[in-house]
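We count ligands from 1, going down the list as the structure has it; atoms in each ligand are counted the same way.
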Amino acid sequence: MTAIIDGKAFSSNIRIRVADHVACLKDRHGLVPGLAVVLVGEDPASGVYVRNKGIQTREAGMASFEHKLPAETSQEVLLSLIGGLNADPAVHGILVQLPLPAHLDAEAVINAIAPEKDVDGFTIGNVGRLGTGQKAMVPCTPLGCVMMLRDRLGDLSGQNAVVVGRSNIVGKPMAQLLLAENCTVTVAHSRSRDLAAICRGADILVAAVGRPGMIRGDWIKPGATVIDVGINRIVEGGRSRLVGDVDFEAAVQVAGAITPVPGGVGPMTIACLLANTLTACCRISGLPDPAWPG
Ligand code: NDP
């Protein structure tokens with residue numbers, strides 16, 4: 001029988017661990033981890049994400065600093081804010097909500113974040129560290145995926161893993177993490193030939209494409225573990241709902257385990273942001289890294 005991987009329960013477990021660890025840091029070291037989130041402009045979806053991040057940060061006992069700037073903010077002003085956050089000892093994690101308005105140079109802004117406070121793991125420094133097997137801040141969504149895989153499968157050594165999608169925020173870091181877990185990794189993308197055949201070879205299949213239901217049931221190896229990162233809003237019969245990149249109804253007949261959408265990878269992302277903020281606080285303060293499930 002196919003196991004449904006419950007991202008809601010798993011992420012709640014991580015948030016409880018974070019809150020417990022934060023309480024310990026306060027008691028023993030007088031430390032309060034702080035996360036600064038920078039939002040430029042009035043994109044409604046970004047506004048909702050930022051609000052949720054703030055609520056969950058405070059619920060975990062951490063300090064939340066929200067910086068909301070007008071859409072017309074200049075590069076200079078934004079870089080100066082980041083410089084201030086880099087130097088602020090109360091801030092251990094800095095996240096710039098993407099996308100930024102088009103007149104801003106997002107790459108330059110992200111790379112201005114001090115690598116040790118880069119809780120999204122998007123700076124060149126952290127990308128390079130992850131790629132060379134050094135201690136890095138790891139992007140939240142792939143980190144959540146690998147935690148769930150380790151929890152489900154234990155040692156991932158020797159597994160054939162296929163990642164569909166090669167974005168900088170999901171596909172590429174996911175592939176690096178699976179390689180670090182000793183998987184044999186294939187990265188597929190829009191130019192890959194015979195995607196169905198590539199997917200059928202996967203013991204672990206990670207879909208991060210952004211196309212509703214693109215991965216069909218007969219592309220999945222019987223017993224495979226399927227992680228569906230996709231979040232796509234579709235309208236059916238006048239009603240809107242979220243679906244993943246995998247045809248869930250068909251895949252659930254074949255896979256050994258699968259993450260649902262919603263309720264799979266999605267809730268793990270903010271939980272891993274909190275986990276990364278706590279990790280950053282420990283590293284900056286010279287304390288050991290916290291331990292995570294999986
Ligand atoms: P991007 O658009 O940046 O990347 C999509 C990737 O999919 C690209 O590498 C692209 O290939 C590949 N692709 C597109 N069409 C095909 C195709 N027909 N066959 C094979 N590969 C294809 O998306 P993201 O990585 O940012 O996000 C992917 C999905 O994950 C989205 O649905 C997004 O909403 C979701 N997401 C979910 C998160 C969560 O918290 N659960 C967090 C982040 C993203 P190419 O490079 O050749 O163009």
Side-chain angles (χ1 to χ4, degrees), residues 4-12 14-15 37 43-46 48-53 56 95-100 106-107 110 119-122 127 130 138-149 161-178 185-202 205-216 218-220 226-235 240-248 251 258-276:
I4 308 297
I5 302 173
D6 185 346
K8 257 186 171 171
F10 200 95
S11 63
S12 145
I14 291 177
R15 283 187 279 115
V37 177
D43 178 63
S46 295
V48 172
Y49 293 143
V50 167
R51 207 164 38 250
N52 285 342
K53 284 167 187 168
Q56 294 200 26
L95 181 150
V96 175
Q97 185 67 44
L98 298 175
L100 287 173
E107 256 179 38
I110 295 299
V119 282
D120 257 341
F122 291 165
V127 172
L130 179 62
V138 175
C140 303
T141 301
L143 178 61
C145 294
V146 99
M147 278 185 190
M148 290 195 288
L149 282 168
V162 171
V163 180
V164 189
R166 56 173 167 179
S167 71
N168 290 337
I169 64 166
V170 189
K172 282 181 195 152
M174 186 73 231
Q176 294 287 3
L177 285 172
L178 290 167
V185 182
T186 304
V187 182
H189 46 77
S190 67
R191 310 291 176 91
S192 298
R193 290 193 201 129
D194 202 350
L195 190 58
I198 296 171
C199 291
R200 280 187 200 113
L205 179 60
V206 181
V209 182
R211 290 180 177 253
M214 190 191 84
I215 309 280
R216 324 297 313 178
D218 64 356
W219 294 13
I220 293 166
V226 179
I227 304 289
D228 190 353
V229 182
I231 302 179
N232 309 289
R233 186 163 288 284
I234 59 162
V235 179
S240 130
R241 65 185 180 105
L242 292 181
V243 298
D245 291 338
V246 178
D247 176 355
F248 184 84
I258 184 166
T259 57
V261 177
V265 175
M268 290 297 288
T269 299
I270 294 189
C272 286
L273 174 67
L274 304 179
N276 273 352

Give me the residue, atom name and distance of the protein heavy atom closest to [atom].
| atom | value |
| --- | --- |
| atom 3 (O) of ligand 1 | S167 CB, 3.3 Å |
| atom 40 (O) of ligand 1 | T269 OG1, 2.7 Å |
| atom 18 (N) of ligand 1 | M214 SD, 3.6 Å |
| atom 15 (N) of ligand 1 | R211 NE, 2.9 Å |
| atom 48 (O) of ligand 1 | S190 OG, 3.6 Å |
| atom 37 (C) of ligand 1 | V229 O, 3.2 Å |

Closest to [atom] (judged by heavy-atom distance), picking from [options]:
| atom | options | answer |
| --- | --- | --- |
| atom 13 (N) of ligand 1 | I198, T141, V209 | V209 |
| atom 19 (N) of ligand 1 | V265, L195, I231, I169 | L195 |
| atom 6 (C) of ligand 1 | G165, P267, G210 | G165 |

Enter the distance from [X]:[atom1] to [Y]:[atom2] here, rounded to the nearest 0.5 Å.
| X | Y | atom1 | atom2 | value |
| --- | --- | --- | --- | --- |
| K53 | L273 | NZ | CG | 6.5 Å |
| I4 | I258 | CD1 | CD1 | 6.5 Å |
| T259 | D228 | OG1 | CG | 5.0 Å |
| T141 | M174 | OG1 | CE | 10.0 Å |
| R200 | R216 | CZ | CZ | 12.0 Å |
| H189 | L195 | NE2 | CG | 10.0 Å |

For [X], the ligand 1 atoms whose distance to one of its heavy atoms is below 4.0 Å:
| X | result |
| --- | --- |
| V170 | 25 (O), 43 (C), 44 (C) |
| G266 | 41 (N) |
| N232 | 32 (O) |

Exercise for review: Give the minimum heavy-atom separation between V187 and G165, together with the two atoms involved.
Suggested key: CG1-O, 3.7 Å

**Study point:** Minimal non-hydrogen separation, P99 against S46, with atom names
**Key:** CD-OG, 4.3 Å

Review point. Does the D245 side chain pair with the main chain of R211, one donor and one acceptor, at a distance under 3.5 Å?
Key: yes

Review point. Is there at least one pair of N or O atoms, one from D245 and one from ligand 1, spaced under 3.5 Å apart?
Key: no

Check your understanding: What do you reckon, does R166 have a nitrogen or oxygen under 3.5 Å from a nitrogen or oxygen of ligand 1?
Key -> yes

**Study point:** Residue list, side chain to side chain contact (heavy atoms under 4.5 Å, CB included) with I231, at least two apart or on another chain
**Key:** L242

**Study point:** Residues that R241 engages under salt bridge (Lys or Arg N to Asp or Glu O under 4.0 Å), provided they are two or more places apart
**Key:** E236

Exercise for review: May I ask you to identify, for M268, whether its side chain, its backbone, both or neither come under 4.0 Å of ligand 1 on a heavy-atom basis?
Suggested key: neither

Review point. Does A208 come within less than 4.0 Å of ligand 1, judged by its heavy atoms?
Key: yes

Exercise for review: Please verify whether a non-hydrogen atom of G171 lies at under 4.0 Å from ligand 1.
Suggested key: no

